[in-house]
*Asks:* 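Below: one structure in structure tokens.
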Amino acid sequence: MAALLDIKGLRKQFGGVTALAGVDLTVNEGEILGVVGPNGSGKTTLFNSVTGVHRPTAGTVSWRGRDITGIPANAVSRAGIAYTFQQAMAFPGLSVFENVQIATEHCSNTLTNRPWTTPASLLEFVGLSGLSGEKAGILPFGRLRLLGLALALATRPSLILLDEPAAGLNDRETTTLVHLVEQFPEHGISVCVIDHDMKLMQMLCRRLAVLDFGSKIADGPTADVLNDPKVLEVYLGGAL
Amino acid sequence: MKSVLLRGAVVALFLGAVAYPALAQDAADTIKIGVVAAESGAFVSAGHTLPAGVGLAVKEINDEGGIKVGDKTYKLELLKRDDRTDISTAIAATQELVRDEKVAAIFGSETHDFTLAMAKITQPAKVLHFAGNSTLAKVLTDSSVASGGEDHYLFQTEPQEFQRSGSTARGVLKLLEPLVGHPLKKSVLIVGNDATGQFLSSYYLAALKSEGQEVPDIIFYPPDTTDFSPFLTRAKSLKPDVVHFWYNGDSTLTALPQALELGVAPSYFLFGVDPGIWKEQGLSADVPVAMSCVPVCWGESSNPKAKAYFDAYFAAGAPKGVTSSVSLLYYDYVHFLAEAWEKAGSLDPDKTVEALKTLHHKGVVSDDLAFNATHQVTHATEVCAAAPGGDITCAMQEPPADAPKQ
Amino acid sequence: MDILLQQILNGLSIASVITLIAVGVTLIFGLTGIINFAHGEFLMVGSIVTWLAVANGISFWLAILLAMIVVAVMGFALERGLFRFTLERPTNGFIVSLGLIIVLQHIVIFFWNANQKSIPRPLNTIWEMGGVRIASVRVMVIFITAAVVAMTFVAVTRSRYGRALRASVEDRDTAALMGIPVRRYITGVFVLGSALAGLGGGLLIALFPITPFTGGTMVMKGFAVALMGGLGNLTGAVVAGLILGIVEGLSAGYGFSEWTDAYSFGLMILVLLFRPNGLFGGTSGPKMA
Amino acid sequence: MPASHSFRSLLPVLILLVLLALVPLLSPSNRFVSLAISAGINVIALYGLSVLFGQTGILSMGHAALVGIGAYTAAILARDFNIGFWLSIPLAGIMAAIVAALIGIPSLRVSGHHFVIMTFAFGQLLAIILTNGGDYTGAASGLDVQQPVALFGLSIDVLTHYYLTVVFFVALSAIASWAIINSRYGRTLRAIRENEKLAASLGINVGRHKIGAFIVSGVFAGVSGVLLAYFLRHISPSQFSSFPSIYLALMVMIGGARLLLGPLAGGILVAFLPELLNLDPVQSRILYGVCLIAVILLLPNGLIAGIIAGWHKMFDRRAAQPSEPAVEREGK
């Protein structure tokens, strides 16, 4: 499988603080990769440096072989990488339908083999059809997350980066989320998820990368990584 | 669909209610005269003098039984419209007076560009239009005032600028020289940078030079300046004998104390500041200060009739201000117009214009008010001078015969 | 040489007047989130009260105190009566303040006409050092401004209230959660800003004659300085005030005098372009949309 | 969004405009028609401001300066190139759009109040440039516009004919504004207003669209400037400096910047409110200020949203706010 996203030696400095100390990571086509690590390990900074929210201090990010290091956020989305934000975001003053409509109107790639291309089908897929007329601002937190997912999908991405997608969701909502995300690879959408909810990551990801203080300490099949002594020592403070 | 139609209809009704129909038909034998001026908004200090001056004249004429035109006697009806220091309101008021009320004459407004916009309405409608903006000279040319021209019915109630500037410059220098004690050779102008300031200073500069003055600099300041010290220091660096402040009375009175503070020059000239204000506000200066008023001073005047006029003017309730004398630019010309109607024996605009151009009217400002070929008045200018710490002497200055070579 | 020195001194004196206005603006604008374009009219009311007091024989210093109290009370009434309802939507506060401009100007015209008003100068001595002259009344204004800015600086940055205040602007809800009586602080700062406007008005009429419309033009420079320095940032207001004052002094003195205002507006655009949140960074002020 | 649904939001405006066009039949006073023309000219500029502030969320206090650019372009074209009314409309629109783009560029770095005071500075700078522009710009005394206005031989200079021309352009602006609001472009602008970061993450080039919004607002302002120049026949710098811009911002807000009827309502209210209060000039200005304060405190979302909300209550339909995008209430 060709490497879809290839990150090499990515560094990010905020003043004196080193958030990322040279991380290498690849995401392959059709894969669901998990990135875990304790709070402050640089997970979100990794995402932000790829998606153009921050400019990386050093290192390269290439997408299907093309160097996209530091390109602006809207160019990243046009290249086919979609992402949701840690704090679920939407266009609060606009109706749910209009939120998704805007996202579908700005997808520039002409990939037609994507299932959810119309706002109605997207809302149907994430289960928000009933609220399409409501203002997005009044949605409860869980539904706001689902709307964020719908917005990301609406840009017909080839890779979707999910930043703590299950944060703030109850168990029932988490299972529906997992059920949705599992279908992505069948429709040509690779996934990379950040979270520290190990139960969720075990259900969802076949491969795990672990970050600690801005550098990658493990990368491999989920079962092996979870038994890796280094990971256990750093992450779980002792045997599982 | 129904509710949508209803919604549109209600809003339209609100609009319809505002379109009140034209006023009731006026009484048989009255002539309507309109005044458009700023009675509110930023120009109210200059604007309020217009309705006050015209109102006084109209009252006097009606008290004397009105005017006899042909075989009928008419009373004058004054219609005052506030332009709220906004050009759209001034235009609307003019349209109303010209087309709805069908006034015979319009006086106003105090602002240069309002007057020009108003003239575009009054002139095609053959309505006589009197305004005291000196900058009207730019549009009043031989061709524009000829019959059929675009300003045939427009009259400027101020002297041609070269005349006023000429007589003012001569008066200022003549009055200040004895008080200062040495000949005055170098002058500096400090002028507000707006339409009137730019226009007046170009003529006054020529007038000073023709009086033999060396004028190293004209310093323009933004119209609403309050702190003049940088401009004044710049003037001081040129070591002038006289600093001439033009034209807005309020700005000049703001600048003078700062000039005295910095000791800029051995003498000053304040255009548009009335000795009445000088005394009212208890102003004093350690150096001679000359003043001139547009057209005659109300505080201290060598013109006997001025005192009687201003007593009546202030008695009618107008506040004593720097611009109170501007009312005379309108008061005299209501009487002038009345006399023209009586002489022409008809209210026909063209006949009235001919009468106005031939008449010599005995007014307050001068016993021989007359319009020249380009519809501008010629009369002397009054210049006063206050010696340090005290008495003010005023004198009328005759204008130069012709414009100094440009 | 003395002319240059004089121009710098002029610039300093202009700076003190603008800074005094900017301090009131940066407090209200930056720390309460209320957009009060009528701050200039608060100044003018301060001048009118001083003028009325002095005209009735009250000493200048008492008159200034009276002006501060009257404008503070007016500020309190207007904040409680009007601006309290526009905290949720600051742009409505902007409209209320536009209405206030017209109302305050024309009330003053209604009672005391639109003519220029002035008071005899409280201090008349003029000091001269080698061709450079400065009026004692201007030095007085510079010192009072410096004192006022220092006191407000301590009150806003060093004291408990000041920190709580800045917190409440950053995030009103969180501040309320932490037990900060946000509503009372906003009223408090608005009244303090109004009192400063009263003082500014009193000092203004000591320097120049004023008309009911003087406030409007002066306050725009105050807004410019408050924003250039950084909203709610007092050091910023002082430094930006100094820069604007000196630039205005020198440009009027040496540049093309009719372009004086153009220099200060041009300077402001440049500063904001390179320091989008003001020289010293301040709060982003009330929300816009 | 079904097309017929969004068309419904245009209907009230069209009906109102037809009624406005019929007003001359009521033989209103010339004062009324003159004020209506001035109001209409403002409304055209306000539709530009509603795209910039209502849709994109960028407030500008320099909009009257753009109207000034339009007016001066028309006056200079007429004076130097003998180009008449109709041809100077597109040209003035383009000129104003170019200057608007220049004013817009700083908005990419500076936002909120800092940007507002910057546009305020641009407005003042323009007035100073025109005042010191010498004979070319007519310096402080301004420029005359001599060209007559005619359409198919019919002179437009008659007041009611000019009024109908202004109503035509107001209709054009309303329809253009409606088309923008309900288009993909309008949705993009609203996305930027609501959440710039999220909009960028969906592929929207935020910078380019902000400048685009300025350019659109400039076109409206330029056209409004031409109509103003040919109505007043004499223009000067003081008509386009800071306070006229502040008043345009006031009108668009008090009417309701995000609603199609907002600019129309704001322009009419601010123009005709003083007419209803004819006491002594100073007292009526005091009352006018009080009324402005009362309107915005009683109807915080602006006149139109207030009328619509009141309307629903009066007909006690379900008071939930209507869902058509064009008639949404102003969110936080």
Side-chain angles (χ1 to χ4, degrees), chain C residues 29-30 35 37-38 81-82 85-86 88-107 109-110 113-114 216-217 220 223-224 226-228 230-231 256 258-262 264-269 271-278 282 284-289, chain D residues 53-54 56-59 105-106 108-125 127-129 131-132 140 193-194 242-243 246-247 249-250 253-254 257-258 280-302 330-332:
Chain C
F29 207 39
I35 309 176
F37 262 50
L82 300 174
F85 305 110
T86 65
E88 286 319 308
R89 193 173 278 112
T91 41
N92 283 3
F94 160 72
I95 296 178
V96 166
S97 64
L98 286 183
L100 271 180
I101 288 176
I102 304 171
V103 170
L104 290 174
Q105 282 175 351
H106 285 86
I107 284 179
I109 291 174
F110 182 72
N113 69 55
T217 49
M220 278 311 145
F223 267 99
L227 281 154
M228 261 204 304
L231 280 182
F256 294 102
E258 62 269 20
W259 291 91
T260 311
D261 279 356
S264 28
F265 285 120
L267 166 81
M268 188 178 71
I269 291 174
V271 164
L272 289 178
L273 262 181
F274 293 108
R275 303 282 299 179
N277 251 323
S284 59
K287 276 167 288 310
M288 274 316 288
Chain D
F53 176 57
T56 325
I58 302 172
L59 179 61
I105 289 168
L108 306 185
R109 283 179 56 86
V110 185
S111 60
H113 298 280
H114 297 82
F115 179 67
V116 169
I117 205 79
M118 196 184 262
T119 57
F120 182 86
F122 271 114
Q124 294 283 64
L125 272 180
I128 294 170
I129 291 167
T131 308
N132 298 326
R193 177 189 77 203
E194 293 293 323
S242 48
F243 268 94
I246 290 176
Y247 262 74
L250 161 73
M253 286 186 206
I254 211 160
R258 299 183 181 187
D280 142 270
V282 177
Q283 285 163 354
S284 65
R285 291 302 285 175
I286 296 173
L287 206 55
Y288 173 66
V290 169
C291 288
L292 283 187
I293 296 172
V295 166
I296 202 60
L297 285 185
L298 299 173
L299 307 170
N301 295 330
E330 227 171 359
K332 187 160 179 35

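We name chains A, B, ... by the order of the sequence lines, and we start the count at 1 in each one.
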*Asks:* Counting C-beta onward and ignoring hydrogens, is there a side-chain heavy-atom pair between D:Phe53 and C:Thr91 closer than 4.5 Å?
*Replies:* yes

*Asks:* For the CZ atom of D:Phe243 and the CG atom of C:Leu98, what is their distance to the nearest 0.5 Å?
*Replies:*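 Answer for the CZ-CG pair, D:Phe243 versus C:Leu98, is 8.0 Å.
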
*Asks:* How long is the span from the CD1 atom in D:Ile293 to the CG atom in C:Asn92, to the nearest 0.5 Å?
*Replies:* 12.0 Å

*Asks:* Contact part of D:Ile105 toward chain C, heavy-atom cut-off under 4.5 Å: side chain, backbone, both or neither?
*Replies:* neither

*Asks:* Can you tell which part of D:Phe115 gets under 4.5 Å to a heavy atom of chain C, answering side chain, backbone, both or neither?
*Replies:*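 Neither part.
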
*Asks:* Check each atom of D:Ile58 against the heavy atoms of chain C and say whether the ones under 4.5 Å are side chain, backbone, both or neither.
*Replies:*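 No part of D:Ile58 comes within 4.5 Å of chain C.
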
*Asks:* Carefully, step by step, assess C:Ile35 and D:His113 under the rule side-chain contact (heavy atoms from CB on, under 4.5 Å).
*Replies:* CA-CA 9 Å; C:Ile35 309 176; D:His113 298 280; 3.4 Å; yes

*Asks:* Distance from C:Asn277 atom CG to D:Arg109 atom CZ, nearest 0.5 Å?
*Replies:* 11.0 Å

*Asks:* Sort D:Ile296 into side chain, backbone, both or neither according to what part of it lies under 4.5 angstrom from a heavy atom of chain C.
*Replies:*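 Both parts, heavy atoms under 4.5 Å.
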
*Asks:* For C:Phe265, what residues pass the ring-ring contact (aromatic ring centres under 6.0 Å, His included) criterion, not counting sequence neighbours?
*Replies:*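 Listed in chain order: nothing, the list is empty.
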
*Asks:* D:Ser242: which residues meet the side-chain contact (heavy atoms from CB on, under 4.5 Å) condition with it, sequence neighbours left out?
*Replies:*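 Partners of D:Ser242 under the side-chain contact (heavy atoms from CB on, under 4.5 Å) test: D:Phe120, D:Gln124.
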
*Asks:* Taking the side chain as every heavy atom from C-beta outward, state whether C:Leu273 and D:Met118 have any atom pair closer than 4.5 Å.
*Replies:* yes

*Asks:* Atom CD1 of D:Ile117 and atom CZ of C:Phe29: how far apart are they, to the nearest 0.5 Å?
*Replies:* 7.0 Å

